[in-house]
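Please read the structure below before turning to the comments.
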Amino acid sequence: MRQSQLFMPTLREVPADADVKSHQLLLRAGFIRQNAAGIYSFLPLGKKVLHKIENIVREEMNRAGSQEMMMPALQLAELWQESGRWYSYGPELMRLKDRHERDFALGATHEEVITSIIRDEVKSYKKLPLNLYQIQTKFRDEKRPRFGLLRGREFIMKDAYSFHDKQESLDETYEAMKNAYSAIFSRCGLNFRAVLADSGAIGGKDNHEFMVLSDIGEDLIAYSNESDFAANIEMAPVLLEVKSSSESLLELEKVATEQAKTIEEVSGFLNVSSSKIIKSLLYMADGQPVLVLVRGDHEVNEIKLKNELSATDVALASVEDTKKWLNTEPGSIGPVSVSEEVKIIADQAVPYMVNAVCGANESGYHFLNVNPKRDFEYSQSADIRFVVEGDKSPDGKGTIVFAKGIEVGHVFKLGKVYSEPMKAAYLDENGKNQIMSMGCYGIGVSRTLAAVAEENNDDKGLIWPLSLTPFDVHLIAVNSKNAEQAALSDELYDLIKNDGFDCLYDDRPERAGVKFADSDLIGLPIRVMVGKRASEGIVEVKIRKSGESFEVPVSDLSSFIK
Ligand code: ATP
Ligand code: MG
Ligand code: MG
Ligand code: MG
């Protein structure tokens with residue numbers, strides 16, 4: 001591609017409303033443009049990278065036995081009513097009416113559509129299992145779209161759904177999907193962890209998120225530095241009523257004191273502007289400690305707190321406010337009720353860091369979104385434990401490290417959550433009617449693009465890994481007005497293309513400085529510069545990532561860049 005013809009509108013200035021590196025650089029380098037809040041166009045360079053990610057996803061999904069298909073973005077409300085999500089999904093679901101006043105939703109995800117297809121078409125165990133995927137645009141009216149492609153309102157997702165007659169079959173597919181995801185994110189060059197995630201109302205522990213370790217991540221994860229142990233420190237509001245012995249009261253106090261920070265420090269650590277914040281507050285009341293983990297301004301809609309207090313609000317809450325918060329709609333924060341006698345003494349509240357997580361619904365392991373009774377039976381004091389950075393990992397291997405993560409993928413055993421209400425049934429070996437089990441597996445394709453950009457850049461611009469770069473080689477005619485240089489550049493352009501590389505050729509009549517700056521900004525891995533030594537048949541080859549450069553005779557160029 002000749003750069004003189006490429007639509008690549010670059011910007012010199014950092015766009016004012018772009019607050020993370022990937023967003024700034026993707027805008028500046030002309031990969032994307034914003035059309036509305038959380039809604040973007042992919043310009044040619046961005047589209048090329050997207051395409052490469054999609055192809056990696058395709059290859060690994062196909063390899064793992066999933067079949068590609070395509071479902072509509074426009075979905076009948078009836079389907080969502082059948083599953084119940086029409087009522088529970090909240091304002092994140094984009095809803096609209098057609099000219100006949102019929103309700104529709106723009107697909108936020110496709111469990112309903114796929115389940116309706118499968119229940120109509122698959123009647124026998126002989127046709128199971130099935131694993132189907134699509135790569136498609138999704139719509140979610142996020143409360144706070146931000147960070148460019150990382151949290152959009154229209155974005156690209158790969159979503160897969162599997163259907164099974166037997167639990168072992170679901171287990172097998174789940175493992176296959178987890179492995180495929182690891183292969184995909186490795187090929188994208190990302191530093192990631194598969195972390196145990198909250199199963200919420202659905203329950204079960206087979207729920208993993210793929211997290212790219214990143215300072216701008218909105219999730220907080222805890223992992224072992226020496227094993228595969230990793231968990232999302234979920235941000236669900238959890239209330240644990242600890243009817244504990246004085247021993248564990250002392251323990252609580254000890255941890256609280258060790259961890260106690262001023263609320264500002266706590267906020268600073270978690271970055272108050274981030275949308276997911278948990279605050280833990282330890283209240284002492286009547287000799288009975290009550291630990292309240294508060295999710296700040298979180299977007300998950302199913303959790304509707306009557307008094308949605310921000311983290312800071314809660315930290316500073318008066319007794320009355322805190323009571324109000326505790327007194328939320330029944331069921332909205334789990335089966336928890338707080339007796340009126342629990343006298344909360346606000347000024348004794350010790351702001352207590354989140355990175356201490358409590359509870360375990362499977363002893364030693366699952367320490368997130370633990371709602372007593374719903375997730376585990378708790379005895380007097382045994383189930384309360386705190387994990388802080390540097391602790392021994394629950395699996396006994398290594399110590400716990402905390403990090404922020406960007407959720408790029410999510411695999412989840414759904415069981416019969418959709419198949420039951422939507423009546424996706426099959427006949428088993430004995431001719432008996434049975435409900436199918438399901439799994440679902442999502443990857444944020446456009447979010448992955450941004451995560452790669454976020455983790456691969458320097459102060460000059462983007463640095464693409466070989467697997468995702470929009471072009472392999474950036475050929476630059478340093479001075480296109482110099483006939484000799486222009487002629488050699490033209491020749492090399494053909495040569496590089498014939499060698500099978502995708503080459504971007506900067507043939508523009510621009511100053512060398514401008515060309516180099518643009519080249520650094522868009523970040524192709526290899527740059528070939530045809531300059532002063534063109535007459536001697538020598539060009540300069542520069543590696544974007546390391547900054548190394550080499551003088552290479554034209555005759556050696558092909559073998560050099562291979
Ligand atoms: P988040 O916790 O970030 O809101 P989610 O858990 O709601 O994500 P899923 O329903 O698990 O998302 O969707 C599958 C994948 O789609 C996510 O793992 C993520 O990579 C991607 N994704 C979700 N929401 C967005 C969004 N608003 N913009 C871009 N990608 C998204
Ligand atoms: Mg979400
Ligand atoms: Mg999530
Ligand atoms: Mg998720």
Side-chain angles (χ1 to χ4, degrees), residues 20 22-23 26 32 34 36-40 42 50 53-54 57 85 88-94 106-112 133-161 177-178 181 184-185 188 190 192-200 202 206-212 214 216-221 232-236 274-278 295 297-303 368-369 404-414 417-418 439-454:
V20 295
S22 55
H23 191 197
L26 290 170
I32 58 169
Q34 181 178 306
I39 301 175
Y40 291 86
F42 291 87
L50 199 60
I53 298 174
E54 288 175 4
V57 169
R85 287 208 293 180
S88 62
Y89 210 96
E92 210 170 286
L93 185 65
M94 297 238 184
L106 287 176
T109 162
H110 279 69
E111 281 84 357
E112 284 82 358
Y133 76 96
Q134 65 174 346
I135 297 175
Q136 200 228 26
T137 301
K138 296 279 186 280
F139 299 85
R140 293 184 186 182
D141 200 355
E142 298 276 355
K143 186 171 173 188
R144 203 172 301 160
R146 61 198 202 122
F147 294 169
L149 300 179
L150 287 169
R151 186 169 297 284
R153 296 198 295 164
E154 174 176 331
F155 59 95
I156 296 165
M157 195 200 285
K158 185 285 301 177
D159 46 325
Y161 307 89
M177 287 295 99
K178 264 179 78 181
Y181 276 35
I184 289 164
F185 296 123
C188 292
L190 288 165
F192 66 93
R193 285 261 166 174
V195 312
L196 198 58
D198 172 38
S199 298
I202 292 169
D206 288 316
N207 176 3
H208 287 86
E209 290 164 341
F210 284 76
M211 292 284 179
V212 171
S214 167
I216 62 142
E218 294 183 90
D219 286 272
L220 192 61
I221 64 173
N232 189 338
I233 300 175
E234 274 294 329
M235 324 256 164
S274 102
S275 63
K276 286 179 174 179
I277 297 172
I278 347 169
R295 166 156 48 190
D297 49 347
H298 194 265
E299 305 116 329
V300 173
N301 299 301
E302 60 263 34
I303 294 150
L368 41 97
N369 196 12
K404 289 186 186 176
I406 300 171
E407 181 192 325
V408 285
H410 198 164
V411 294
F412 201 151
K413 283 186 194 168
L414 291 167
V417 175
Y418 292 88
C440 69
Y441 319 93
I443 288 183
V445 175
S446 45
R447 181 181 284 185
T448 298
L449 191 161
V452 171
E454 189 65 37

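One-based numbering, in listed order, for ligands and for the atoms of each.
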| From CA spacing to verdict: side-chain contact (heavy atoms from CB on, under 4.5 Å), Thr109, Tyr89 | CA-CA 11 Å; Thr109 162; Tyr89 210 96; 4.2 Å; yes
| Heavy atoms only: which of Arg151, Glu218, Met211, Arg153 is nearest to atom 1 (P) of ligand 1? | Arg151
| said: Listing by chain and number, which protein N, O or S atoms are under 2.8 Å from the Mg ion (ligand 4)? | reply: Glu407 OE2, His410 ND1
| query | With backbone taken as N, CA, C and O and side chain as the heavy atoms from C-beta onward, which portion of Met157 lies under 4.0 Å from ligand 1: side chain, backbone, both, or neither? | reply | side chain
| message | Looking only at distances, can you tell me whether any N or O atom of Ser446, backbone or side chain, sits closer than 3.5 Å to an N or O atom of ligand 1? | response | no
| request: Answer with side chain, backbone, both or neither: which part of Leu150 has a heavy atom less than 4.0 angstrom from an atom of ligand 1? | output: backbone
| query | So is Gly442 polar-close to ligand 1, meaning N/O to N/O under 3.5 Å? | reply | no
| field | Sole candidate of Lys158, Glu209, His208 that passes side-chain hydrogen bond (donor to acceptor under 3.5 Å, both in side chains) when paired with Tyr181 | value | Lys158
| For Glu111 against Cys440, the heavy-atom pair lying closest together | OE2-SG, 3.7 Å
| task | Check whether any side-chain heavy atom of Ile406 sits under 4.5 Å from a side-chain heavy atom of Phe147, and report yes or no. | result | no
| request: Please round to the nearest 0.5 Å and tell me the distance separating atom OH of Tyr441 and atom OH of Tyr161. | output: 11.5 Å
| query | Can Thr109 be said to touch ligand 1, with heavy atoms closer than 4.0 Å? | reply | no
| Location of contacts on Leu149 toward ligand 1, heavy atoms closer than 4.0 Å | backbone
| request: Would you please classify the geometry between the Phe185 ring and the Phe210 ring as parallel, tilted or perpendicular, with 30° and 60° separating the classes? | output: tilted
| message | Measuring only between side-chain heavy atoms, which start at C-beta, is Leu449 closer than 4.5 Å to Ile32? | response | no
| Can you find a pair of side-chain heavy atoms, one from Glu54 and one from Leu50, that are under 4.5 Å apart? | yes
| If you count the atoms of ligand 1 from 1 in the order shown, which ones are under 4.0 Å from a heavy atom of Arg140? | 5 (P), 7 (O), 9 (P), 10 (O), 12 (O), 13 (O), 23 (C), 24 (N)
| request: Check each heavy atom of Glu142 against ligand 1 and say whether those closer than 4.0 Å belong to the side chain, the backbone, both or neither. | output: side chain
| message | Has Arg151 got a side-chain atom pairing as donor or acceptor with Arg144's backbone, closer than 3.5 angstrom? | response | no
| message | Rounded to the nearest 0.5 Å, what separates atom CG in Leu26 from atom CD in Gln34? | response | 13.0 Å
| query | Is Arg146 close to His23 at the side-chain level, that is, under 4.5 Å between some pair of heavy atoms? | reply | no
| query | Would you say ligand 1 has an N or O under 3.5 Å from any N or O of Phe155? | reply | no
